[in-house]
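Below, each value reflects all heavy atoms present in this structure, side chains not excepted, and no hydrogens, waters or symmetry copies.
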Amino acid sequence: MELLVPNFTLYFQPSSLSSHHSLLSLSHPIPPPLSISFPSKRFQHFQKLISASSTSRRFRQSSRSKPIEDVSSTTLSPNSEKKDRLPADIDVTETNEPRSRVRLSVKVPPVVCQDCYKRVLDEFSKQAKVPGFRPGKKIPENILINYAGKQNVQRAAIESILKRTLPHAMASVTGRALKDSVCILTKFSEMEEAFTPLEFLSYDVVVDVAPEVKWISENAYKNLKIVVEIDNSITAQKASEDELRHRHKSLGSLRIVTDRALQIGDIVVLDIFATTIDKDNSTGEKIPSAERKGLHLDTEEGDYLLPGFLDSIIGIHRGETKSFPLIFPDSWKQENLQGIHAQFTVECKELFYRDLPELDDSLADMLLPGCSTLSQVRESILERCKEVEQTAREQATDNAILDQLCKITEVDIPQSLFEDQGRQLYGARLLELQASTKLDEQQLASLSSENAVNEFLEHQRGNITDIIKQMLAVGEIFKFENLQFSTEDLVKEVENSVAEFKRHNQDYDEEHVKEQVQELLVGAKVLEWLREHSDIQYVTR
């Protein structure tokens with residue numbers, strides 16, 4: 001979370017409180033981003049979030065509405081930390097609004113308006129080349145205004161007032177305001193219409209502030225009771241057996257099946273077509289994402305398939321076509337297909353079986369270089385799988401702790417923070433998709449549309465909200481418990497990450513890398529502390 005810095009930019013919002021951002025600029029292929037390395041594999045949850053945030057940040061443009069588009073090319077960007085001294089104090093009324101937003105109602109006294117108006121006239125006088133007046137000679141006000149244009153002078157005066165008074169108006173939210181969330185609600189045209197140097201000038205500003213983390217009870221995060229569910233089917237023993245089977249299969253030769261139908265253990269080449277089934281059982285639209293041509297399917301590796309698909313094609317012969325209905329489960333990864341009734345048509349193009357060599361000591365070195373017996377192969381693979389199992393167990397523990405943090409905290413999340421985190425996640429997903437799939441310009445344009453992002457934000461609202469709550473809660477615990485990490489660890493991890501970027505010839509911002517590593521180290525320290533101070537119970541499912 002970034003707090004407002006002195007060099008901020010103001011945005012006028014002509015009609016509503018909602019903020020609008022331009023979308024990711026993805027008109028050209030983008031290389032896959034590098035993730036920040038981290039010494040512990042356990043902290044993948046935060047590592048993924050942090051790396052996603054930084055890699056997608058360079059593709060985001062924060063536009064909301066154009067800066068003072070109906071005034072001039074001047075942007076309200078105070079570029080000095082020191083406030084400009086005013087001839088009189090301004091009056092500011094602060095009102096708290098939902099979603100950690102603060103409204104500042106600013107009333108600028110006439111003496112300040114007159115001072116700004118005079119400064120503007122002096123500046124126009126220095127730059128103007130009025131016929132009949134030598135450079136540096138004082139130009140009468142009425143002549144100068146007539147030459148420069150009354151409207152131009154007024155607009156410049158209002159801009160000057162805003163530039164000088166806004167830092168004073170923002171004083172009450174200094175250190176709390178979120179970066180790029182400042183928005184002037186009052187229309188510039190309204191200020192222009194009402195402006196006169198001899199009267200008060202009023203305007204309203206809204207700004208998102210850092211949200212407060214509220215715990216359901218005092219010290220709620222201490223002595224947490226955590227239940228971690230472990231999938232009993234995924235054990236080191238089973239994983240090692242699967243790995244050995246995969247290695248054994250890789251040494252086999254494929255043979256064409258000529259005298260029987262498809263059975264488990266075979267490899268089949270399929271053309272798959274799918275359409276939706278309407279409520280009246282009529283054929284609906286095609287489902288492009290479910291269609292494949294020339295799909296090589298190993299029937300022993302069908303865990304990722306739609307439930308019922310494999311059972312429906314067992315027994316098919318080479319050259320045969322089968323048609324059958326299936327339902328996409330509610331847990332299906334593609335949300336637009338969840339619960340959809342579909343009709344599949346499958347054509348068997350080729351059918352193979354594996355001719356495997358006998359599994360004995362003679363294959364040991366081919367199965368795992370350096371091993372001389374099958375027993376050594378089994379033991380080595382099992383040890384590796386035990387490490388993976390332990391890492392998965394620890395990761396499940398961390399995820400359970402983070403989920404529990406969401407349940408014991410309440411946070412009024414600002415819209416700007418929600419959108420920023422959501423767009424970062426969406427940008428990271430687009431980068432991953434672009435790295436793994438060849439997208440044409442039309443597909444990329446569709447995925448990069450404002451509608452596509454808004455749909456993602458809405459569908460992922462709960463997930464995005466939980467992520468923000470977790471990160472804010474972690475930051476609070478780090479502060480409350482006075483946790484620290486060593487400077488040596490920070491320097492070492494930054495150097496390792498920078499070396500990775502250089503090795504892959506990728507651009508990087510060392511300051512952003514440092515920020516990412518700091519957040520990762522903070523998260524690691526907090527999770528370590530929570531594991532030590534929580535009652536953790538493991539159950540199998």
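For the pair Lys107 and Phe200, the cation-pi criterion (under 6.0 Å, within 45° of the ring axis) is fulfilled. Because its NZ or CZ atom is not both nearer than 6.0 Å to the ring centre of Phe188 and within 45° of the ring axis, Arg155 does not count as a cation-pi partner of that residue.
Using a cutoff of 4.0 Å between basic side-chain nitrogens and carboxylate oxygens, Lys479 and Glu476 are scored as salt-bridged. Using a 4.0 Å cut-off between a side-chain N of Lys or Arg and a carboxylate O of Asp or Glu, Arg531 and Glu528 do not qualify as a salt bridge. Ionic pairing of Glu481 and Lys222 is present here: one or more N-O contacts between side-chain nitrogen and carboxylate oxygen are shorter than 4.0 angstrom. Lys225 has a carboxylate O that lies under 4.0 Å from a charged side-chain N of Asp535, or vice versa, which qualifies the two as a salt bridge.
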Could you walk me through whether Lys469 and Asp403 pass the salt bridge (charged side-chain N to carboxylate O under 4.0 Å, His left out) check? CA-CA 10 Å; Lys469 289 176 68 175; Asp403 289 341; over 6 Å; no
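The aromatic rings of His533 and Trp529 lie parallel to each other, with less than 30° between the two planes, well short of the 60° mark. By the 30° and 60° cut-offs, the orientation of the rings of Tyr221 relative to Phe480 is parallel.
The two residues Phe418 and Ile468 make their nearest non-hydrogen contact at CA-CD1, 3.7 Å.
You'll find the side chain of Ile413 stays beyond 4.5 Å of the side chain of Pro211, heavy atoms only.
Gln338 contributes a side-chain N or O that, together with a main-chain N or O of Trp332, makes up a donor-acceptor pair within less than 3.5 Å. Put simply, the side chain of Thr276 gets close to the backbone of Glu285: a donor and an acceptor are under 3.5 Å apart.
Shown are Val207, Asp208, Asp180; of these, the side-chain contact (heavy atoms from CB on, under 4.5 Å) with Ser416 is made only by Asp208.
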